[in-house]
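Worksheet: the structure to be examined is printed underneath.
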Amino acid sequence: MLDVVSWNTIIDGYVKAGLTTSARHLFDRMPARNEVSWSAMIGGYAGSGELDVAQSLFDRMPASVGRNAVTWNSMITGFAKQGLLPLARKFFDDMPERNIVSWNAMISGYALNGKMSSARALFDEMPERDVVSWSSMISGYVQSNHYREALELFNQMQLSRNVRPNEVTMVSLLSSCAHLAALEQGKWIHAYIDRNKMRLDSDDNLGASLVDMYAKCGCVDSAVKVFRNLSHRNVSTWNAMISGLAINGLADESVDLFEEMQRSGAKPNDITFLGVLMACTHGGLVDQGRKYFAMMSYAHGIEPQMKHYGCLVDLLGRAGMLEEAEEAIRSMPMKPDVMILGALLGACRIHRNVPVAERLTVDFLELNSQEAGCHVLLSNIYAAAGRWADASQIRRLLRRRGIKKVPGSSSLELDGNIYEFVSGDRSHQKTPRYMTCWIKRSGNRHLKGVHQPQKKSYWMK
DNA sequence: GTAGGGTTAG
């Protein structure tokens with residue numbers, strides 16, 4: 001006869017494998033249930049999104065066992081993962097005794113759903129914060145593209161004595177630096193990682209994050225150095241290096257590395273192929289790109305997703321093979337999205353191909369998109385072909401739908417400052433003379449704002 | 001034996 005702990009272990013095993021029905025079967029058959037049995041079962045339903053069942057078990061949980069914090073927290077997480085924040089919040093508010101996990105569950109619930117001001121309000125309010133609280137907030141800022149806020153929060157985190165950042169914290173911070181192309185801050189984080197003896201080749205994938213950061217900051221040499229010094233490589237580190245070479249225009253090197261990866265016996269995944277396809281696109285390697293695209297499913301059993309088709313279409317489109325690119329779009333098992341149609345429309349403009357562009361227009365208008373870029377492109381294609389009536393009709397459509405073209409922007413880091421540029425923007429008057437020169441040399445872009453680094457002393461320490 | 005944080009293209 002199994003004891004209750006063994007029953008619970010097996011139930012948890014099923015739950016972790018996503019087999020809630022089997023778990024429930026055991027739960028119903030077990031001779032005696034305790035608090036942990038109920039918690040595991042409720043957590044299983046909540047985690048798999050079966051919230052109505054979770055709720056009914058939650059309501060039926062015997063008073064003698066009593067609902068514990070674990071059960072409440074599972075319900076909060078379950079609702080939050082489904083985006084049902086008011087329901088999650090109701091459990092959070094109603095629970096008799098919240099612990100730090102309850103606060104963190106609610107905060108990450110807000111963060112996952114892009115509600116950073118709500119997350120921040122709770123974060124500021126909570127009685128004490130641990131590394132998970134801080135990391136949830138930092139990753140929340142990263143996920144909502146608020147990279148400076150993420151770095152700023154890390155500075156504040158270092159001021160609090162009783163909490164130490166860990167590998168998970170670093171991954172989000174490196175992502176921030178990568179997105180901002182903030183090399184100096186990225187280097188500082190690298191030094192921090194070394195100083196705190198964090199491992200680059202653990203399951204936390206710090207190595208991949210570092211390679212990614214250096215590559216996105218344009219330091220291919222540093223990225224390669226980190227990559228080559230890793231004592232153990234996993235698919236993420238290979239991916240980061242292959243993509244890193246690709247985005248820096250080193251197409252042949254990227255393809256070579258992909259070949260090296262295959263020889264090493266490492267198993268590529270969907271992101272690996274994305275990287276190598278991108279390399280082919282950048283390098284104009286049409287034949288190889290086709291080959292790798294085909295290889296995905298027949299040699300590796302990876303079904304191409306929209307983003308892979310996107311690379312293929314981009315590759316063919318840039319090479320002027322617009323009919324074949326259109327064919328690729330037609331062969332997709334899924335409905336083409338705005339991005340992929342837009343990529344091919346862009347190619348149609350460059351290669352002045354009106355027939356393909358017109359056929360794509362039909363698909364495009366079906367999507368009823370709010371994305372201005374593609375409308376503008378289409379209008380430009382018509383204009384380039386001298387079809388002014390069609391061009392202005394598209395422009396009218398844009399106005400009617402109330403779509404505004406968002407200007408493109410970019411940023412760079414200089415002496416620890418992050419500069420942001422927005423095309424056509426003239427709002428910033430205090431442009432230093434040397435920056436003006438840079439801006440002038442780099443074309444029709446104007447300085448928008450100069451962002452001082454947060455707590456400069458930290459980055460320089 | 002049950003609950004909370006993660007990055008990978010443009």
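Residue numbers begin at 1 in each chain, while the letters A, B, ... track the order of the sequences.
Closest approach of A/L344 to A/G317, counting heavy atoms only: CD1-CA, 4.3 Å.
Between B/dG5, B/dT7, B/dT2, one nucleotide has an atom nearer to the side chain of A/N166 than all others, and that is B/dG5. Nearest nucleotide to the side chain of A/V142, out of B/dT7, B/dG5, B/dA3: B/dT7. The side chain of A/V101 lies closest to B/dA3, out of B/dA3, B/dA9, B/dT2. Closest to the A/M278 side chain, of the nucleotides B/dA9, B/dA3, B/dT7, is B/dA9. Comparing atom distances between the A/I247 side chain and each of B/dT8, B/dT2, B/dG10 picks out B/dG10 as nearest. The listed nucleotides are B/dA3, B/dG5, B/dT7; the one nearest the side chain of A/S175 is B/dT7.
When heavy atoms are screened at a 4.0 angstrom cut-off, A/S209 is found touching base atoms of the nucleic acid. In this structure, A/S135 reaches the bases: a heavy-atom distance under 4.0 Å links it to at least one base atom across the strands shown. Backbone-only engagement by A/Q143 is indicated by non-hydrogen atom pairs under 4.0 Å involving sugar-phosphate atoms exclusively. Heavy atoms of A/V131 sit under 4.0 angstrom from at least one base atom. Residue contacts for A/D12: at a heavy-atom cut-off of 4.0 Å it reaches the sugar-phosphate backbone alone, with no base atom in range.
In this model, no side-chain donor or acceptor of A/D314 finds a partner on the base of B/dG10 within 3.5 Å. Judged by atom type and distance alone, A/N99 reaches the base of B/dA3 through a side-chain donor-acceptor pair under 3.5 Å.
Close to B/dG1, at under 4.0 Å from its OP1 or OP2, lies no side-chain N or O of A/K16. The shortest distance between the side-chain N/O atoms of A/H179 and the OP1/OP2 oxygens of B/dG10 is not below 4.0 Å.
Computed from coordinates, the A/I76 CD1 to B/dG5 P distance equals 12 Å when rounded to whole Å. Taking atom CD1 of residue A/I340 and atom P of nucleotide B/dG10, one finds them 16 Å apart after rounding to whole Å. Distance CG (A/L274) to P (B/dT8): 12 Å, rounded to an integer number of Å. Rounded to whole Å, atom P of B/dG1 lies 18 Å from atom CH2 of A/W7. Whole-Å rounding puts the A/K216 NZ to B/dG10 P distance at 7 Å. Atom P of nucleotide B/dA9 and atom CE of A/M296 are separated by 15 Å, given to the nearest angstrom. Residue A/W103 contributes atom CH2, which lies 17 Å from atom P of B/dG5 at whole-angstrom precision. As a whole-Å value, the separation of A/M213 CE from B/dT8 P is 14 Å.
At a threshold of 4.0 Å, the pair A/R290-A/D287 counts as salt-bridged, since one of the basic side-chain nitrogens sits closer than that to a carboxylate oxygen.
Taking the ring centroids of A/Y214 and A/H190, they lie under the 6.0 Å cut-off.
Checking A/T9 against A/D12 by side-chain atom types alone, no donor-acceptor pair falls below 3.5 Å.
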Practice prompt. Check step by step if salt bridge (charged side-chain N to carboxylate O under 4.0 Å, His left out) holds for A/R263 and A/E260.
Written response: CA-CA 5 Å; A/R263 284 195 301 276; A/E260 183 186 332; 5.1 Å; no

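The main-chain N or O of A/T281 is never found under 3.5 Å from a side-chain atom of A/R318 such that the two would form a donor-acceptor pair.
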